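Keep in mind it's a predicted model, so treat the numbers as computed, not measured.
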Amino acid sequence: MKNSLIKAVFLGLMLSAHSIDAQVQAVDNSKKMEWFNNAKLGIFIHWGIYSVNGISESWSFFNNYINHENYMKQLNGFSASKYQPEQWVNLIKESGAKYAVITTKHHDGVSLWNSKAEKATSIPQNSLAKKDVLTPFVSALKKSGLKTGLYFSLPDWTHPYYNINTRTKKRYELKSDPARWQNFISYYQDQLNELSRQYSPDLLWFDGDWEHTSEEWKASQTLDLLKKYNSNIIINSRLNNHGDYDTPEQGIPVVPPQNPYWELCYTMNDSWGYQPFDKNYKTPNMIVRTLADVISMGGNLLLDIGPRSDGTIPEEQIEILKNLGRWTSKNQHAIYETTRGIPFDNYKGKSSLSISKKSLFLYLEEAKNFTKIYGVTTKPISAKILGDPSAVITMAYNAEKTLTLNFSNVKFDKDVTVAEITFDTPPAFLKDFNKEDHPLSEILENKNTREAAYDIANALNYDQNLLTQKGLTHDGLDMKIKKTPKTNPETTEWISKHAEALFETGKGLPAGHYSGMSALSKDKQTLYLFVEGVPTGPIALKGIKNEIARIRVVGEGTMLPHTIYNKLYWSDRPGIIYIDVPKEKLDKQMTVIAVLLNKPMELYRENVGAIENNL
């Protein structure tokens, strides 16, 4: 018994010590990650010899689209003749980014700096440029006050010590030649020593860890090496789980990653490096809205640019960066030092909170008259539009703890308008709040038709169909809905026009798929999107696995086109769907869009990770 007691006490002390140690580590990590967590926007730069021919970086020879010898001939065309690193940095800073990550070496093994590691291939030694192009950029970056991130590929498909050359060609097996593999480990760690000594990076962005295990890469040893130079170095998740933050790639998450620190790396078109014939650019509006989406989920956006081989940046990319700068400079308070927003049940849109939790920011992607926030425990003290001191927001707060904001005196931003709601003390947002339970008779007598349509759609969003058992017909004709002298005829007209979306329909999309209210048909094969006001750009849908048969405007039959971005043909992960709705087809009360699917709706809600294959 005595021994058992001693063991129990000892175990308790050990667990307590472990708990304290874990807490200290968490605090230390929180301190280290503070600048990254507050940054929200970074710029990724893919620059290398692949920009000469305008082909895929490294993967083009790995997949045998071009042989390795011809790929490497691009060294002879990489001139950097118009390269002006200070201008790059000025543009990055103007965009509102707080850090940049540049490809020091991609999987092709070509180093931008003058690497002295054994058998290294570098721009200064082996290209037409004959100069170090990394050092002047990092120097300008540090001078500007922006944080320095260095991308580094673990695989080096060109290096003679690396075991893999292409998808179909191996140099050797690790088991048969461990000494050769150890030579490669020494080589890549020597390069990391050079980068650490010469550039003192704030962040190291690894890639390609999937080709070998943590033990084979000697990942723990590599991490210790980096920390020797900078104990606060931030590492991404691609050093075989030795990293500090997650890196979803190309796919905007539907569900926020579990890691409190994460970063979406994202291309402007379909390419990381410069490809002159890839004109599939997302619009500046889409990029601003993507940033707002990422901020609302508590993450960072690492937006990619791909300069030409002469060092100039394509005009389309400059335009996107400058528009980002316009928006970020106007809305700084709602971007940096913010945290994940409030639950979708409380607010049908994108939002974030200030660090103090006393300010709630709403990202409005449409010009509309009002919005509602549910389950707010405290009445706010003020509301304003950022960047527009002349705008006036009126507030109404009721006994059900619903806050209604009126935007009738607001000039909306061309991309995303930000409303700041300020509280005396941090409010709570109730999970189990009393949902506004408006009987149909009350809704029909509401003189504000837009609010009546909103309340009907909102009830549907909670799986409360107010109309199916109240005299609505499937086509809106011969309705038997009970009317009174106070019934608003505009509301019954709206109901009749949109009967298809209101008759025998039920709860729509869960949080993350659509920034608004929705409903689903009885057979689960038609999705109805309720569109408030006038959208600033195409409406966006995420995480829909189905193929789309057609999209149309409910109640008047117009067919609508759609575009899908970031769908990788070899992956089951869906792309993001953008639907253009012509302004002349918008309903003045609330527009409803029908999305006909090829089968009952299937949703993608998995984590979005790194792309480990690029066919």
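- Note on Arg238 versus Asp207: salt bridge recorded, some NZ/NE/NH1/NH2 to OD/OE distance being below 4.0 Å.
- The OG1 atom of Thr104 sits 7.5 Å away from atom CG of Leu204, with the distance rounded to the nearest 0.5 Å.
- A ring pair (Phe, Tyr, Trp, His ring centres under 6.0 Å) check over residues 221-255, counting only residues at least two apart or in different chains, returns the pairs Phe36-Tyr245.
- Of the possible polar contacts, one joining the Asp209 side chain to the Asn240 backbone as a donor-acceptor pair under 3.5 Å is found.
- With a 4.5 Å cut-off on side-chain heavy atoms, Val416 and Thr536 do not count as touching.
- Side-chain contact between Thr121 and Leu75 is present, with heavy atoms from C-beta onward closer than 4.5 Å.
- Going from atom OG1 of Thr158 over to atom NE2 of His106 covers 12.0 Å, rounded to the nearest 0.5 Å.
- The side-chain heavy atoms of Lys414 and Asn323, taken from C-beta on, include a pair separated by under 4.5 Å.
- Residues satisfying the side-chain contact (heavy atoms from CB on, under 4.5 Å) test with Glu216, not counting sequence neighbours, are Leu174, Trp181, His212, Thr213.
- Legend: residues meeting ring-ring contact (aromatic ring centres under 6.0 Å, His included) with Tyr565, ordered by chain and number and at least two apart, are Tyr578.
- Going from atom CG of Leu154 over to atom CG of Leu239 covers 6.0 Å, rounded to the nearest 0.5 Å.
- In this model, no donor atom of one side chain and acceptor atom of the other lie less than 3.5 Å apart for Tyr188 and Ser153.
- No hydrogens or angles considered: nothing links the side chains of His46 and Thr103 as a donor-acceptor pair under 3.5 Å.
- In terms of modelled atom types and a separation under 3.5 Å, the side chain of Ser196 and the main chain of Leu226 share no donor-acceptor contact.
- Residues Tyr266 and Asn566 bring a donor and an acceptor atom of their side chains to less than 3.5 Å of each other.
- Note: His107 and Tyr151 have tilted aromatic rings, judged against thresholds of 30 and 60 degrees for the angle between ring planes.
- To the nearest 0.5 angstrom, Ile295 atom CD1 is 11.5 Å from Ser351 atom OG.
- The distance from atom CG of Leu302 to atom CG of Leu203, rounded to the nearest 0.5 Å, is 8.5 Å.
- No side-chain heavy atom of Lys73 sits less than 4.5 Å from a side-chain heavy atom of Val52.
- Screening Ile548, Asp580, Leu541 for a side-chain contact (heavy atoms from CB on, under 4.5 Å) involving His562 leaves a single residue, Ile548.
- A donor-acceptor pair under 3.5 Å is formed between the side chain of Asn331 and the backbone N or O of Trp327.
- The minimum heavy-atom distance linking Pro248 with Pro253 is given by the pair CG-CG, 4.2 Å.
- Take Gln258 and apply the side-chain hydrogen bond (donor to acceptor under 3.5 Å, both in side chains) test, not counting sequence neighbours, and it matches no residue.
- The closest side-chain donor-acceptor pair between Tyr281 and Glu319, if any, does not fall under 3.5 angstrom.
- Looking at Thr166 and Trp157, their side chains never come closer than 4.5 Å, going by heavy atoms from C-beta outward.
- A heavy-atom distance below 4.5 Å is found between the side chains of Thr135 and Tyr199.
- Relative ring orientation between Phe152 and Trp113 is described as tilted, the plane-to-plane angle lying within the 30° to 60° band.
- Here the closest non-hydrogen pair linking His333 and Thr338 is O-CG2, 4.0 Å.
- Annotation: side-chain hydrogen bond (donor to acceptor under 3.5 Å, both in side chains) contacts of Thr283 (sequence neighbours excluded): none.
- Applying side chain to side chain donor-acceptor pair (under 3.5 Å) to Asp108 and the options Trp59, Tyr50, Tyr71 leaves one that passes, Tyr71.
- Pro538 and Met286 get closest at one heavy-atom pair: CG-CE, 3.7 Å.
- Across all their heavy atoms, Lys116 and Glu194 have their closest contact at N-OE2, 2.8 Å.
- Proximity of Ile233 to Pro201: side-chain heavy atoms (C-beta onward) are separated by under 4.5 Å at one or more points.
- For the salt bridge (charged side-chain N to carboxylate O under 4.0 Å, His left out) condition, the pairs that include at least one residue of residues 288-305, sequence neighbours left out, are Arg289-Glu365, Asp293-Lys542.
- Put simply, the side chain of Leu324 reaches to within 4.5 Å of the side chain of Leu291, judged on heavy atoms.
- Residues Ser271 and Asp278 bring a donor and an acceptor atom of their side chains to less than 3.5 Å of each other.
- Annotation: His159 is in aromatic contact with Tyr187 [ring centroid separation under 6.0 Å].
- To the nearest 0.5 Å, atom NZ of residue Lys31 and atom CG of residue Asn29 are 13.0 Å apart.
- Checked by atom type and distance alone, the side chain of Lys545 never pairs as donor or acceptor with a backbone atom of Asp572 at under 3.5 Å.
- The six-membered or imidazole ring of Phe44 lies near that of Trp205, with a centre-to-centre distance under 6.0 Å.
- For Tyr83, the ring-ring contact (aromatic ring centres under 6.0 Å, His included) partners are Trp47, Trp88, not counting sequence neighbours.
- In this structure, Lys32 forms no cation-pi arrangement with Tyr261, as its terminal cationic atom is not both closer than 6.0 Å to the ring centre and no more than 45° off the ring axis.
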Evaluation steps, side-chain contact (heavy atoms from CB on, under 4.5 Å), between Ile92 and Ile45: CA-CA 10 Å; Ile92 291 167; Ile45 305 166; 3.9 Å; yes
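- Side-chain atoms of Asp132 and Asn114 include no donor-acceptor pair closer than 3.5 Å.
- Evaluation of the salt bridge (charged side-chain N to carboxylate O under 4.0 Å, His left out) test over residues 85-104, restricted to residues two or more places apart or in two chains, returns Glu94-Lys322.
- The distance between the ring centers of Trp35 and Tyr99 falls below 6.0 angstrom.
- Residue pairs satisfying the salt bridge (charged side-chain N to carboxylate O under 4.0 Å, His left out) criterion with at least one member in residues 141-150, sequence neighbours excluded, are absent.
- When all heavy atoms of Pro85 and Pro136 are compared, the closest pair comes out as CG-CB, 3.7 Å.
- Note on residues 323-341: pairs passing salt bridge (charged side-chain N to carboxylate O under 4.0 Å, His left out), not counting sequence neighbours, are Arg326-Asp413, Arg326-Asp415, Lys330-Asp413.
- Residues Pro124 and Ser111 approach most closely at CD-O, 4.1 Å, considering heavy atoms.
- Remark: the backbone N or O of Gly306 is paired with a side-chain donor or acceptor of Gln317 at under 3.5 angstrom.
- Asp202 places a side-chain N or O within donor-acceptor distance of the main-chain N or O of Thr148, the cut-off being under 3.5 Å.
- Not counting sequence neighbours, the partners of Lys279 by the salt bridge (Lys or Arg N to Asp or Glu O under 4.0 Å) test are Glu316.
- Applying the salt bridge (Lys or Arg N to Asp or Glu O under 4.0 Å) test to Glu173 and every residue at least two apart in sequence or in another chain returns Lys170.
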